[in-house]
Amino acid sequence: MTVDLLVLGGSGRVGRLLRGALARSEALRAELAPSGRTPRLMWQCRRGPSGADILKWQPGAALPEGLRARAILALWGVTEGPATALAQNATLARAALHLAQRVGADRVLHASSGAVQAGLTGAPAQEDGPLAPLGPYGTAKAEMERVVAAWHARRATAGDTPGDTGPRSLILRLGNIAGADSLSRALSGPGPITLDRFDGPGATAGGPRRAYLGIEDLARALGALLRLPAAAMPTHLNLAGPAPVAMEALARAAGREVLWRPAPAAALPVLALDTTRLAALTGGPLHGSADPSALLAQWHGAEVGA
């Protein structure tokens, strides 16, 4: 069996949202396959319900005989916990690359985070800028990116074919995904939303602002990246709306009261990602991912389809 896209981490929060968004939109599904036919998707998970499109598998286990994939989307990972748990992000990235070799995939799209450059100040972070992670999660994702680069470098010098780096890797530096971040978890519960208030000039004053990504926009971007020849893919890509979104605006668009607390010294007022490269690859900015109401609509629509 050959699938167009094998999604690792299909039972995680982002994986479930993506599956729900695709389930309710034929147009979105069509983005993920060559023109003229229904895409073939497979969702990897370690546990949960079974199905024809579910791969119950984990690293070290045997694969179904004859399984092939055009591409792999590695959503799996650890978002919180001690350093030993977060270190699994690097381990899983290596496992995704080894899996790509086994199933013949020509590319692996690795889910990283804009948090790897959260320590930069000034203009929105560009993909070619230095890593400047803040916090344990950003540090773990930065290490994951380094591990991916080292894997390809080693293969280029020690592989069976000199210069062959194996399946191409694209590091996706994702903005906050509406429906899967900490604010979304708060919005899923009752009561008012408490946000940090920053005191400072200009862009640093007020509440936190973050680069956001709607789940339908993620699907659209994936379609564009799967249509690219592997050799034409960049190595890194910021994936978010063209401007950061105020968390206050997102909470109020959801009809919630907002309460304020003084921001602690280590809190981050703004995380903005430069999406020039993304717009060139996808035919334009993902405007819905910069609009609070559109972000909420994409999130809730995906939950209906899940």
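From a predicted model like this one, the values you see are computed outputs, not experimental measurements. Computation of the quantities below employed the complete heavy-atom set of this structure, encompassing side-chain atoms and omitting hydrogens, waters and symmetry-equivalent molecules.
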Enquirer: Kindly indicate whether the side chain of R68, heavy atoms from C-beta on, has any atom under 4.5 Å from the side chain of V3.
Expert: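 They are not in side-chain contact.
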Enquirer: Which atom pair, heavy atoms only, marks the closest approach of L273 to G175?
Expert: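 So the two residues come closest at CD1-N, 4.2 Å.
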Enquirer: How far apart are the closest heavy atoms of V258 and R252, and which atoms are they?
Expert: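 Taking V258 first and R252 second, the nearest heavy atoms are CB-NH2, 3.6 Å.
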Enquirer: Would you say Q117's side chain and A132's backbone share a donor-acceptor pair under 3.5 angstrom?
Expert: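 Checking the backbone N and O of A132 against the side chain of Q117, no donor-acceptor pair under 3.5 Å is found.
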Enquirer: When rounded to the nearest 0.5 angstrom, what is the spacing between CD1 in I72 and CD in Q101?
Expert: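 It comes to 10.0 Å.
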Enquirer: Start with the C-alpha distance between L63 and L99, add both sets of side-chain angles, then the distance that settles side-chain contact (heavy atoms from CB on, under 4.5 Å), and finish with yes or no.
Expert: CA-CA 9 Å; L63 285 168; L99 178 61; 3.5 Å; yes
Enquirer: With a 4.0 Å cut-off, would you call E145 and R173 a salt bridge?
Expert: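 Here E145 pairs with R173 in a salt bridge, since their nearest N and O are under 4.0 Å apart.
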Enquirer: Indicate, with yes or no, if M144 and V78 share a hydrophobic cluster defined by side-chain heavy-atom contacts under 4.5 Å among Ile, Leu, Val, Met, Phe, Trp and Tyr.
Expert: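 No, V78 does not connect to M144 through the hydrophobic network.
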Enquirer: CG/L218 to CG/L172 distance, rounded to the nearest 0.5 angstrom?
Expert: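 So the gap between those two atoms works out to 8.0 Å.
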Enquirer: Taking all heavy atoms of A180 and all of R185, pick out the closest pair and write down the distance.
Expert: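 Nearest pair, atom of A180 first, then R185: O-NH1, 3.8 Å.
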Enquirer: Within the side chain of Q298, is there an N or O that forms a donor-acceptor pair under 3.5 Å with the backbone of D217?
Expert: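 Side chain of Q298 to backbone of D217: a pair is present.
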Enquirer: Would you say that V270 contacts L268 through its side chain, given a criterion of any heavy-atom pair below 4.5 Å between the two side chains?
Expert: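 They are not in side-chain contact.
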Enquirer: What's the shortest heavy-atom distance between S184 and G179, and which atoms?
Expert: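 In terms of heavy atoms, the two residues are closest at OG-N, 2.7 Å.
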Enquirer: What about L295 and L222, same hydrophobic cluster or not, with Ile/Leu/Val/Met/Phe/Trp/Tyr joined at side-chain heavy-atom distances under 4.5 Å?
Expert: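 L295 and L222: one cluster.
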Enquirer: Looking at R13 and E303, does any basic side-chain N land under 4.0 Å from a carboxylate oxygen?
Expert: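 Salt bridge present between R13 and E303.
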Enquirer: Ring-plane angle category for H98 and W151, please: parallel below 30°, perpendicular beyond 60°, tilted otherwise.
Expert: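 If you compare the ring of H98 with that of W151, the planes turn out perpendicular.
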Enquirer: Is any side-chain heavy atom of I193 less than 4.5 Å from a side-chain heavy atom of M247?
Expert: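 Not in contact.
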Enquirer: Using a 6.0 Å cut-off, check whether atom CZ of R46 has over 12 heavy atoms from anything other than its own residue.
Expert: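 No.
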Enquirer: Quick one: does R94's side chain have a donor or acceptor within less than 3.5 Å of a partner on V148's backbone?
Expert: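 Such a contact is absent between R94 side chain and V148 backbone.
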Enquirer: Would you mind reporting whether L5 and P39 have side-chain heavy atoms less than 4.5 Å apart?
Expert: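 Side-chain contact under 4.5 Å: no.
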Enquirer: Provide the closest heavy-atom pair for V108 versus A100 in the form atom of the first, atom of the second, distance.
Expert: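 Minimum heavy-atom separation between V108 and A100: CG2-CB, 3.5 Å.
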Enquirer: Is a side-chain donor or acceptor of R168 paired with a backbone partner of R107 at a separation under 3.5 angstrom?
Expert: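 It does not hold such a pair.
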Enquirer: Ignoring hydrogens and angles, tell me if any N or O in the side chain of R24 forms a donor-acceptor pair with the backbone of G301 under 3.5 Å.
Expert: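 The answer is yes, because a donor-acceptor pair under 3.5 Å joins these two groups.
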Enquirer: Is it true that L18 and L225 fall in one hydrophobic cluster, defined by side-chain heavy atoms closer than 4.5 Å?
Expert: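 In one cluster with L18: L225, yes.
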Enquirer: Any donor and acceptor pair, going by atom type alone, linking the side chain of T282 with main-chain N or O of A221 inside 3.5 Å?
Expert: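 Checking the backbone N and O of A221 against the side chain of T282, no donor-acceptor pair under 3.5 Å is found.
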Enquirer: Has E143 got more than 12 heavy atoms of other residues, nucleotides or ligands less than 6.0 Å from its CD?
Expert: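 It does: E143 CD has more than 12 such atoms within range.
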Enquirer: Donor-acceptor pair, distance only, cut-off 3.5 Å: does the side chain of D4 make one with the backbone of R70?
Expert: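 Checked: no pair found.
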Enquirer: Taking it one step at a time, do L213 and S289 satisfy side-chain contact (heavy atoms from CB on, under 4.5 Å)?
Expert: CA-CA 5 Å; L213 177 64; S289 289; 3.8 Å; yes
Enquirer: Any side-chain heavy atom of L131 within less than 4.5 Å of one from R146?
Expert: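 A side-chain contact exists here, since the closest heavy-atom pair is under 4.5 Å.
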Enquirer: For L41, run the side chain to side chain contact (heavy atoms under 4.5 Å, CB included) check against L73, V7, L32 and tell me which one passes.
Expert: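 Output: one option passes, namely L32.
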Enquirer: Determine whether W43 and L8 fall in the same hydrophobic cluster, where Ile, Leu, Val, Met, Phe, Trp and Tyr are linked whenever their side-chain heavy atoms lie under 4.5 Å apart.
Expert: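 W43 and L8: separate clusters.
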Enquirer: Tell me if a side-chain donor or acceptor on Q44 pairs with a main-chain N or O of W57 at a distance below 3.5 Å.
Expert: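 Side chain of Q44 to backbone of W57: a pair is present.
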Enquirer: For the residue pair R16 and S11, what are the closest heavy atoms and their distance?
Expert: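 Closest approach of R16 to S11: NH1-O, 2.6 Å.
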Enquirer: For D291 and G288, indicate whether the former's side chain and the latter's backbone hold a donor-acceptor pair under 3.5 Å.
Expert: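 Side chain of D291 to backbone of G288, a donor-acceptor pair under 3.5 Å: no, none is there.
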Enquirer: Does the pair L97 and H110 meet the rule for a side-chain contact (heavy atoms from CB on, under 4.5 Å), with working shown?
Expert: CA-CA 10 Å; L97 287 162; H110 302 269; 4.0 Å; yes
Enquirer: Are L237 and L226 linked, directly or through other ILVMFWY residues, by side chains that come within less than 4.5 angstrom of each other?
Expert: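 L237 clusters together with L226.
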Enquirer: Please report the interatomic distance CG(D274) to CD(E127), rounded to the nearest 0.5 Å.
Expert: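 The CD atom of E127 is 6.5 Å from CG of D274, to the nearest 0.5 Å.
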Enquirer: Looking only at side chains, do Y137 and N89 share a donor and an acceptor under 3.5 Å apart?
Expert: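 Y137 vs N89: no donor-acceptor pair found between side chains.
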Enquirer: Do L239 and L278 come close enough that some side-chain heavy atom pair is under 4.5 Å?
Expert: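 Result yes, sub-4.5 Å side-chain heavy-atom pair found.
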Enquirer: Given T84 and L86, is the side-chain contact (heavy atoms from CB on, under 4.5 Å) satisfied, shown in steps?
Expert: CA-CA 6 Å; T84 51; L86 290 168; over 6 Å; no
Enquirer: If we check side chain to side chain contact (heavy atoms under 4.5 Å, CB included) with I215, which of these qualifies: L28, L22, I177?
Expert: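 Only one option passes, and that is I177.
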Enquirer: With a 4.0 Å cut-off, would you call R227 and E31 a salt bridge?
Expert: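 A salt bridge is present here (some side-chain N lies under 4.0 Å from a carboxylate O).
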Enquirer: Would you say the side chain of S169 lies within less than 4.5 Å of the side chain of H152, judging by non-hydrogen atoms?
Expert: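 The answer is yes; the side chains approach within 4.5 Å.
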Enquirer: Are any side-chain N or O atoms of R256 and backbone N or O atoms of L187, one a donor and one an acceptor, separated by less than 3.5 Å?
Expert: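 Yes, the answer is positive, given that a donor and an acceptor are paired below the 3.5 Å cut-off.
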Enquirer: Would you mind checking if R40 and D53 are paired as a salt bridge, meaning a charged N to carboxylate O distance below 4.0 Å?
Expert: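 R40 and D53: not salt-bridged.
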Enquirer: Are any of the side-chain heavy atoms of L55 and L6 separated by less than 4.5 Å?
Expert: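 SC-SC contact between L55 and L6 confirmed.
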Enquirer: Establish, from distance only, whether the side-chain atoms of T275 and N238 form a donor-acceptor pair under 3.5 Å.
Expert: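 No donor-acceptor contact under 3.5 Å links the two side chains.
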